[in-house]
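The sequence lines fix the lettering, A, B, ..., with proteins before strands; numbering per chain opens at 1.
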Protein chains: 2
Amino acid sequence: MPTQTSAQRREEARHAHRAAVDLCPTNRVLDRLGDKWVGLVLVELEKGRSRHADLARALAGASQKMLTQTLRELERDGLVERSVTPSVPVRVDYALTPLGESLLPVLHTVTRWATRHIDDVDAAQRAYDRNRTPRSHK
Amino acid sequence: MPTQTSAQRREEARHAHRAAVDLCPTNRVLDRLGDKWVGLVLVELEKGRSRHADLARALAGASQKMLTQTLRELERDGLVERSVTPSVPVRVDYALTPLGESLLPVLHTVTRWATRHIDDVDAAQRAYDRNRTPRSHK
DNA sequence: CCGTATCCACAAGGATACTG
DNA sequence: CAGTATCCTTGTGGATACGG
């Protein structure tokens with residue numbers, strides 16, 4: 001008589017595998033890169049140090065909350081450096097750290113693939129949708 | 001007298017910018033790559049064609065629903081090909097398409113950066129957290 | 001064996017208003 | 001100017017059960 005049912009064993013395996021996935025460096029990086037505004041911020045900072053207000057202008061689609069949150073996460077990861085100049089009003093600049101700059105080539109690799117193959121992806125999506133959503137007339 | 005308030009103009013700009021972001025090939029790809037199980041599936045299929053059940057075993061952490069959903073999305077994007085052998089019970093295999101294989105080097109670039117620099121990221125996070133959550137004793 | 005349908009919890013993201 | 005706090009809507013992912 002087993003001390004655990006097979007369902008119990010499977011659930012344990014699920015949790016163990018999930019913990020491993022969450023620790024996996026690649027997945028952690030993909031996760032960060034997958035955040036909605038991270039790519040845009042990196043591209044913007046690649047042009048050079050930038051003030052908060054300038055970033056806000058460049059990322060007009062992002063809410064103030066999301067912009068700040070994104071910058072904080074990147075700062076915590078050591079990818080972005082935040083520097084405050086205590087004037088009145090205060091001036092806050094953001095810049096890539098060396099670690100952040102080392103990530104740029106990775107981003108460029110993604111961008112290159114995307115621009116080269118996005119047409120293929122679009123075509124595939126259209127073909128897929130065509131076969132599943134046949135023209136309404138029967 | 002302006003026909004729109006500045007608040008209205010800013011909101012329009014937000015929406016316009018967001019639409020552009022959603023269309024941007026790079027962001028679309030980052031979005032897909034950021035999906036929780038996409039990286040794992042690609043790594044698994046890189047080893048070769050695989051049955052659904054084998055993928056389920058390899059991705060023990062993923063629920064059946066998410067596994068299927070992930071595979072569908074990748075199929076729709078033209079990255080993965082699904083083939084059904086109508087035996088009893090049915091046998092379903094998944095394999096990378098040439099387009100999917102062309103994405104592997106991109107993934108490897110991410111993996112390489114991640115394994116090389118994850119220690120730096122961890123150190124940065126610890127340092128950041130240390131300065132914001134000072135030891136409880138005062 | 002493979003897939004779908006439901007229902008559900010939680011996290012991500014956004015709108016707004018307010019502070020130093 | 002930069003940031004925080006609050007509230008709210010939506011999307012993502014998971015558990016479970018059922019069907020071909």
Side-chain angles (χ1 to χ4, degrees), chain A residues 5-8 10-15 17-19 21-22 27 30-41 49-73 75-76 80 82-94 132, chain B residues 5-8 10-15 17-19 21-22 27 30-41 50-76 80 82-94 132:
Chain A
T5 67
S6 65
Q8 282 175 326
R10 260 186 289 106
E11 218 205 319
E12 268 195 28
R14 251 207 296 275
H15 291 336
H17 185 261
R18 255 178 229 173
V21 168
D22 289 343
N27 279 306
L30 286 176
D31 218 48
R32 178 64 70 239
L33 252 21
D35 286 355
K36 185 153 192 179
W37 302 105
V38 164
L40 279 299
V41 168
R49 173 173 299 261
S50 175
R51 296 192 56 169
H52 180 103
D54 293 331
L55 285 173
R57 240 183 310 282
L59 281 86
S63 64
Q64 213 194 33
K65 177 192 160 187
M66 285 316 297
L67 178 56
T68 300
Q69 189 179 112
T70 302
L71 288 167
R72 285 289 173 288
E73 287 166 348
E75 187 192 358
R76 179 167 183 267
V80 160
R82 174 172 175 270
S83 52
V84 181
T85 309
S87 51
V88 180
V90 289
R91 173 196 175 99
V92 180
D93 289 274
Y94 291 91
R132 321 213 98 229
Chain B
T5 68
S6 65
Q8 282 174 327
R10 259 187 289 103
E11 219 204 319
E12 268 196 28
R14 251 208 293 278
H15 290 336
H17 185 261
R18 257 180 228 170
V21 167
D22 288 344
N27 279 307
L30 285 177
D31 219 48
R32 179 63 72 239
L33 250 22
D35 285 355
K36 185 151 192 177
W37 303 105
V38 164
L40 279 298
V41 167
S50 174
R51 294 192 57 170
H52 179 103
D54 293 331
L55 285 173
R57 241 183 308 281
L59 281 85
S63 64
Q64 213 192 37
K65 176 191 160 189
M66 285 316 296
L67 177 56
T68 300
Q69 189 179 111
T70 302
L71 289 166
R72 284 291 171 286
E73 287 166 349
L74 292 175
E75 187 192 0
R76 179 166 182 267
V80 160
R82 174 173 177 269
S83 52
V84 181
T85 310
S87 51
V88 180
V90 289
R91 173 197 174 100
V92 181
D93 289 274
Y94 292 91
R132 320 213 99 229

S.K.: Is there a donor N/O on one and an acceptor N/O on the other, under 3.5 Å, for the side chain of A:Q64 and the base of D:dG3?
M.R.: yes

S.K.: Please tell me which of the listed nucleotides, C:dC1, D:dG14, C:dG3, lies nearest to the side chain of B:V92?
M.R.: C:dG3

S.K.: Does C:dG14 have OP1 or OP2 under 4.0 Å away from a side-chain N or O of B:R14?
M.R.: no

S.K.: Okay, side chain of B:H17, backbone of A:A62: is any donor-acceptor separation there less than 3.5 Å?
M.R.: no

S.K.: Distance-only, no hydrogens or angles: does the B:H52 side chain make a donor-acceptor pair with backbone N or O of B:T68 under 3.5 Å?
M.R.: no

S.K.: Here's a test of your reading of the structure: between A:M66 and A:P89, which maps to the more 5' nucleotide of DNA chain C?
M.R.: A:M66

S.K.: D:dC1 phosphate, OP1 or OP2: any side-chain N/O from A:Y94 under 4.0 angstrom?
M.R.: no

S.K.: So do B:R32 and B:V38 actually touch side chain to side chain, heavy atoms under 4.5 Å?
M.R.: yes

S.K.: Between D:dG3 atom P and A:R51 atom CZ, what is the distance in whole Å?
M.R.: 11 Å

S.K.: Rounding to an integer number of Å, can you tell me how far B:D31 CG sits from C:dA12 P?
M.R.: 14 Å

S.K.: Taking the nucleotide of DNA chain D with the closest heavy atom to each, which residue, A:H15 or A:R57, is nearer the 5' end?
M.R.: A:R57

S.K.: Between A:L59 (CG) and C:dG13 (P), how many Å, whole number?
M.R.: 13 Å

S.K.: Using a cut-off of less than 4.0 Å, is there contact between a side-chain N or O of A:R18 and OP1 or OP2 of D:dG13?
M.R.: no

S.K.: Looking only at heavy atoms, which two atoms of A:S83 and A:R49 are closest? And how far apart?
M.R.: OG-NH1, 3.1 Å

S.K.: What is the separation between atom CG on B:L55 and atom P on C:dC2, rounded to the nearest whole Å?
M.R.: 9 Å

S.K.: Report the distance from atom CZ of A:R82 to atom P of D:dT4, rounded to the nearest whole Å.
M.R.: 7 Å

S.K.: What is the distance, rounded to the nearest whole Å, between atom CG of B:D35 and atom P of D:dG11?
M.R.: 14 Å

S.K.: Taking all non-hydrogen atoms of both residues, which atom of B:L67 and which atom of B:V41 are closest, and how far apart?
M.R.: CD1-CG2, 4.4 Å

S.K.: Does D:dG3 have its OP1 or OP2 closer than 4.0 Å to a side-chain nitrogen or oxygen of A:R72?
M.R.: yes

S.K.: Send over the distance from B:L67 CG to C:dG3 P, rounded to a whole Å.
M.R.: 8 Å

S.K.: Examine the base of D:dG13 for any acceptor or donor lying under 3.5 Å from a partner atom in the side chain of B:K36, and report the outcome as yes or no.
M.R.: no

S.K.: For B:K65 and C:dG3, give me the distance from atom NZ to atom C1', rounded to whole Å.
M.R.: 13 Å

